[in-house]
Amino acid sequence: MHDIRFIRERPDEFDAALQRRQIAPMSRSILKIDSDRRALQAQIQDMQSRRNIVSKEIGALKALGSDSDTLITEVNNIKSKIPDLESKELSLAKALDSQLLELPNILNQSVPAGDNEAQNQLIRAVGNIPKFTFTPKDHVVLGENLGQMNFALGAKLAGARFVVLSGQLAQLERALAAFMLDTHTKKFGYTETLPPALVNRKAMTGTGQLPKFEEDLYKTGDKWLIPTAEVPLTNIVADEITDNTALPIRMTAYTQCFRSEAGSAGRDTRGMIRQHQFSKVEMVSIVHPDESSAELERMTSCAETILQLLELPYRVMKLCSGDTGFSAEQTYDLEVWLPGQDEGRGMYREISSCSNCGPFQARRMKARFRDTKTGDIRFVHTLNGSGLAVGRTLIAILENGQQKDGNILLPKSLHCYMDTDCLLAAV
RNA sequence: GGAGAGAUGGCAGAGCGGUUGAAUGCACCGGUCUUGAAAACCGGCAAGGUAGCGAUACCUUCCAGGGUUCGAAUCCCUGUCUCUCCGCCA
C-alpha cells in the first residue's frame, strides 16, 4: 500500500513510479477523492466537537439539577446531520482504500526496465554445468525409472498438476526440507516456525495476495490456503509495534503451498515444475528500514548457500520492472540448472525468489517498530525469499546427479539425511 | 458439541453511564545521586487522523460490527478470539 502523504507531496514522482509498472497516472483521481474526504472529515469533526462540548454542559447542568432542554434540542439537531456525512465519508475512504490496495509497490531505482523475464539482468552464475556423455533425461523419466514418482496416481487422487512420491523420493523431499531448515537455523540464525497453512482475508491482504489476485488462490470456507509461507510468517508482525532492539526478526518455515495456477494453463504441464501443491522452505525477515537493502543481499546468499551445498549450478537474476512481483521493490531470482529440460539441452529454471518489499506490506498490515531512543514509530521493512522450493530442488538433484544407468548420485550434504549416497533405478 | 468467565496502553492490571484517553505497577526514555554500575529519587511516556509554518487545538480509537442514551471502556445485541469445567477426538 502507498503512503497517501507521499502521493499528496509528490504526485509526479508517484505517477512516474506507476509508469515503470506500465500503469497509467492515478495521482489526480486519488487526490481528488482524498481532498473530498478530508473536507468532509473536517466538517464532521466540527460537528462532533460541538456535540461533545454541549453534552458535557448538559452533564454539568444535570448535576446542578438545572434545566437542559434547549441544549438537548441542539445536540439532537447536530446528531441528525452527522450520519449522512459519515456514510459519505466512509464511502470515499473505501474508494480510496480499494484504489490504493490494488496498486503495486514502487520499484527500487536500481531495477532495470523491461517487459518480461527476457530482460532480467544476469548478476552472476555459480557452479559448473555438468557434462554428460549421454543425453540427460528429465526428472519425469528419472523419477518413473526409480518407480517413485507417479503422476497418474496424482491425477487419480486429485487431478492434473499433482504427483505422488514414494520410497526414497518421498524421503528425499523430507531430507531436503530438513537440510534446508537446519542450515537456515543453525548457520544463519533464522527461527524455525510452523505457521497455519490456512489464513484469513486480513492476512492475505496484508502481504498483497488480496484483493487483486484472488483467482490465484484456493479457498475453503472463509479461509484461504497459503500460496507461500510468506503470508503467515510476515503477518506475524501485523498490528504490532516492536522495539527496534528486537529487529531484525528472521523466521524460516517449511510448508505446503497451494496455487490454482489460473493464469498458467498449458505452461509447464510436464513433470513437477508447476504443481497445485508443492512444498517450500521460506525465509522472512522483518528489519529496520536502513537494513533492508543489506538484508536482501544476505537473504539471497542464504538461499545460494543451499544450492552451493547441494552442488547445484545456478545463476542469480535481478528481475526487471516487468517481472518484479506486486509487493516487491526489488527481487533476485535464483535459477537452477536443469540439464534434462529442453530435450536434454538443459535450461535454467527459477528455484528461489528473494524480495525486499520495503514498507509496502508493513503499511498494509500496520507492522511498525518503535525507536526506543527517539520514540519514533515507523513501518518496518519486510523481506521474503525461498530457501528453497523443495520440489524443484528435488528435480534438480535428480537431473544433475543422474548417471547413464539411471542411478542418481546424491550430493554429500544429503548423505547423512538419506543414509545413502545414491538412488538406484528400478528398471 | 454443552456450561460458565473474559478481551482495556509495549506488558500486567484498575475502572463498570458524565470531570477517564483511561489509576497503579513493570518495561522504556531523560535527569539527580555515584569513580562507574545497581538501588533510590524526580520527570516523561498510547495509536491513528484533521487543521496549522509552529506552539497547539480538535476528531477517532478501551477485540470487531450494530444498538440504547444529550453523553458509553462502562448498558443491550451479534460476531471473533481466549480461559475454566464437561463431552468427543488426531
Side-chain angles (χ1 to χ4, degrees), chain A residues 1-9 30-97 99-101 194-206 210 219-224 232 235-249 256 286 288 359 361-380:
Chain A
M1 182 129 90
H2 298 284
D3 183 358
I4 186 70
R5 276 172 295 194
F6 173 80
I7 306 175
R8 279 179 209 153
E9 285 160 21
I30 288 172
L31 290 177
K32 173 77 168 82
I33 299 173
D34 178 50
S35 67
D36 288 354
R37 190 184 75 87
R38 281 194 288 164
L40 217 46
Q41 195 176 3
Q43 212 179 331
I44 291 166
Q45 288 184 2
D46 283 347
M47 296 174 98
Q48 287 171 327
S49 175
R50 182 66 195 153
R51 178 200 62 193
N52 293 344
I53 289 167
V54 174
S55 291
K56 280 190 180 163
E57 284 172 11
I58 292 169
L61 286 177
K62 290 227 165 169
L64 294 171
S66 307
D67 175 66
S68 54
D69 288 354
T70 23
L71 291 180
I72 290 177
T73 310
E74 181 184 350
V75 135
N76 281 333
N77 192 25
I78 294 170
K79 280 211 315 175
S80 67
K81 292 174 185 158
I82 292 180
D84 181 47
L85 294 176
E86 274 181 340
S87 76
K88 279 181 186 154
E89 197 267 345
L90 186 67
S91 73
L92 286 176
K94 278 187 177 163
L96 190 61
D97 233 33
Q99 288 206 16
L100 292 179
L101 282 173
L194 187 65
L198 273 70
V199 299
N200 55 30
R201 168 173 284 276
K202 189 173 175 225
M204 281 294 186
T205 307
L210 290 178
K219 188 181 184 189
T220 175
D222 62 345
K223 312 238 185 292
W224 280 266
N235 275 285
I236 284 173
V237 295
D239 296 312
E240 299 288 338
I241 302 177
T242 39
D243 280 354
N244 59 335
T245 50
L247 302 178
I249 298 168
Q256 298 296 315
I286 312 296
H288 188 284
Q361 294 178 324
R363 198 174 283 118
R364 292 169 85 97
M365 64 175 74
K366 295 186 180 55
R368 294 163 292 175
F369 74 98
R370 183 196 311 276
D371 186 319
T372 53
K373 273 281 180 236
T374 64
D376 289 350
I377 289 176
R378 299 170 62 192
F379 289 111
V380 296

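Residue numbers begin at 1 in each chain, while the letters A, B, ... track the order of the sequences. The figures that follow rest on heavy atoms only: side chains count, while hydrogens, waters and symmetry mates do not. Bear in mind the structure is a predicted one, so any value in this text is a computation, not a measurement.
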Assign A/Asn52 to base, sugar-phosphate, or nothing according to its heavy-atom contacts below 4.0 angstrom with the strands shown. sugar-phosphate

To the nearest Å, how far apart are A/Phe369 CZ and B/C28 P? 19 Å

Consider the side chain of A/Ser55, meaning its heavy atoms from C-beta on, and name the nucleotide among B/U50, B/G71, B/G49 that approaches it most closely. B/G71

Test item: A/Arg363 and A/Asp3 side chains (from C-beta on) under 4.5 Å apart, heavy atoms: yes

For A/Asp239 and B/C11, what is the distance between atoms CG and P respectively, to the nearest whole Å? 12 Å

Looking at A/Arg8 and A/Asp34, is any side-chain nitrogen of the basic one under 4.0 Å from a carboxylate oxygen of the acidic one? yes

Would you mind classifying the nucleic acid contact of A/Lys366 as base, sugar-phosphate or nothing, using non-hydrogen atoms under 4.0 angstrom? nothing

At under 4.0 Å, does any side-chain N or O of A/Arg370 touch on OP1 or OP2 of B/A47? yes

Need one value for A/Arg50: base, sugar-phosphate or nothing, where a base atom within 4.0 Å counts as base even if backbone is also close, heavy atoms only. nothing

Reading RNA chain B from 5' onward, which residue's closest nucleotide shows up sooner: A/Asp34 or A/Ile377? A/Ile377

Is it true that A/Lys202 and A/Asp239 make a salt bridge, defined as a side-chain N closer than 4.0 Å to a carboxylate O? yes

How far, in whole Å, is B/G9 from B/A5 if one measures between their C1' atoms? 23 Å

Quote, to the nearest angstrom, the P distance that separates B/C59 from B/U19. 13 Å

Grab the CZ-C1' distance between A/Arg38 and B/C59 for me, whole Å please. 15 Å

Using only side-chain N and O atoms of A/Arg368, determine if any of them is under 4.0 Å from OP1 or OP2 of B/G48. yes

Taking only the side-chain heavy atoms of A/Gln48 (C-beta and beyond), determine which of B/G18, B/U60, B/U50 contains the nearest atom. B/U60

Atom-pair distance (CG on A/Asp97; C1' on B/G49), nearest Å: 14 Å

Pairwise P distance for B/A46 and B/G25, with rounding to whole Å: 15 Å

Taking the P atom of each, how far is B/C45 from B/G52, in whole Å? 26 Å

Stems in RNA chain B, runs of 3 or more consecutive Watson-Crick or G-U wobble pairs with both distances under 3.5 Å, sorted by first number, are B:1-7 with B:80-86, B:10-12 with B:24-26, B:28-32 with B:40-44, B:46-51 with B:56-61, B:63-67 with B:75-79

Establish, with yes or no, whether the OP1 or OP2 oxygen of B/U80 is under 4.0 angstrom from a side-chain nitrogen or oxygen of A/Arg201. no

Between C1' of B/C29 and CG of A/Asp243, the distance in whole Å: 11 Å

Can you tell me if the side-chain N/O atoms of A/Lys79 get under 4.0 Å from OP1 or OP2 in B/G71? yes

Would you classify A/Ile44 as touching base, sugar-phosphate or nothing, given that sugar-phosphate means primed atoms plus P, OP1 and OP2, and contacts are heavy atoms under 4.0 Å? nothing

Any Lys/Arg nitrogen of A/Glu240 or A/Arg368 sitting under 4.0 Å from an Asp/Glu carboxylate oxygen of the other? no

A/Lys56 atom NZ is separated from B/A72 atom P, nearest whole Å, by 11 Å

Under 4.0 Å between a Lys/Arg side-chain N and an Asp/Glu carboxylate O for A/Asp36 and A/Lys32? yes

Counting heavy atoms from C-beta on, name the nucleotide in B/G10, B/U50, B/C28 closest to the side chain of A/Gln45. B/U50

Working to the nearest 0.5 Å, report the span between CG of A/Leu101 and OG1 of A/Thr205. 7.0 Å

With heavy atoms under 4.0 Å as the rule, sort A/Ile58 into base, sugar-phosphate or nothing. base

Less than 4.0 angstrom between a side-chain N/O of A/Arg51 and OP1 or OP2 of B/U60, yes or no? yes

A/Ile286 and its side chain to side chain contact (heavy atoms under 4.5 Å, CB included) partner, picked from A/Thr242, A/Ile236, A/Val237: A/Val237

Treating A/Thr245 as the side-chain partner and A/Thr372 as the backbone partner, does any N or O pair qualify as donor plus acceptor under 3.5 Å? no

Select one nucleotide: of B/C59, B/C70, B/A47, the one nearest the side-chain heavy atoms of A/Ser49. B/C59

So which nucleotide from B/C70, B/U50, B/C29 ends up closest to the side chain of A/Lys373? B/C29

Please state the C1' separation for the pair B/G15 and B/G6 - nearest whole angstrom. 16 Å

